[in-house]
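Below is one structure, written out as structure tokens, with a few remarks after it.
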Amino acid sequence: MDYFYFSLVNFTTLGRGDLNPDGHLRFITGIEAFHSFLTITASGSFMLQVMGGKAPLSDEG
């Protein structure tokens with residue numbers, strides 16, 4: 001359960017710091033945090049387009 005908790009905290013980019021990885025896992029957690037930031041940003045942008053009345057995935061846009 002600690003691994004799931006750490007990944008969830010890292011994915012939400014909270015970065016609480018109560019669990020600290022060692023070695024090469026520090027690099028992987030950085031990649032996970034960066035990837036989650038991009039995912040959260042893309043989904044927020046998508047929702048704003050949908051709420052604005054646009055069809056972001058259609059050819060007509």
Side-chain angles (χ1 to χ4, degrees):
M1 199 63 184
D2 287 339
Y3 299 119
F4 179 72
Y5 168 75
F6 179 74
S7 184
L8 182 65
V9 168
N10 198 27
F11 191 78
T12 57
T13 63
L14 292 174
R16 297 198 36 191
D18 51 348
L19 297 174
N20 295 318
D22 292 328
H24 67 283
L25 293 177
R26 294 182 69 174
F27 180 71
I28 293 172
T29 56
I31 290 173
E32 182 181 9
F34 180 70
H35 180 262
S36 64
F37 179 74
L38 291 177
T39 303
I40 291 169
T41 303
S43 63
S45 175
F46 181 83
M47 288 304 297
L48 283 174
Q49 287 181 359
V50 169
M51 290 170 50
K54 296 182 180 178
L57 298 177
S58 72
D59 293 333
E60 297 164 6

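Values below: all heavy atoms of this structure, side chains included; hydrogens, waters and symmetry mates excluded. Treat the numbers as computed from the prediction; the structure is a model and nothing was measured.
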Supply the atom-to-atom distance [X] [atom1] to [Y] [atom2], rounded to the nearest 0.5 angstrom.
X: Phe46; Y: Leu48; atom1: CZ; atom2: CG; value: 11.0 Å
X: His35; Y: Ile40; atom1: NE2; atom2: CD1; value: 10.5 Å
X: Phe34; Y: Thr39; atom1: CZ; atom2: OG1; value: 10.0 Å

Please report the shortest heavy-atom distance between Thr12 and Val9, naming the atom on each side.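 That would be OG1-O, 3.1 Å.
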If every non-hydrogen atom of Thr29 is compared with every non-hydrogen atom of Asn10, which pair is closest and at what distance?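 Scanning both residues, the minimum pair turns out to be O-ND2, 2.8 Å.
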Hey, is the main chain of Phe4 close enough, under 3.5 Å, to the side chain of Ser7 for a donor-acceptor pair?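 Not confirmed, Ser7 side chain does not pair with Phe4 backbone.
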So, Ser36 side chain and Glu32 main chain: donor-acceptor pair closer than 3.5 Å or not?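 Looks like yes, one N/O pair under 3.5 Å.
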Restricting to side-chain hydrogen bond (donor to acceptor under 3.5 Å, both in side chains), what partner residues turn up for Ser45, sequence neighbours left out?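 side-chain hydrogen bond (donor to acceptor under 3.5 Å, both in side chains) check on Ser45 returns nothing, list empty.
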Which residues pass the side-chain contact (heavy atoms from CB on, under 4.5 Å) test with Phe37, sequence neighbours left out?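 Partners of Phe37 under the side-chain contact (heavy atoms from CB on, under 4.5 Å) test: Thr13, Thr41.
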Please go through Ile28's hydrophobic cluster and name the other residues, only I, L, V, M, F, W, Y counting, with side-chain heavy atoms under 4.5 Å joining them.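 The other cluster members (ILVMFWY side chains, heavy atoms under 4.5 Å, direct or chained) are Leu25.
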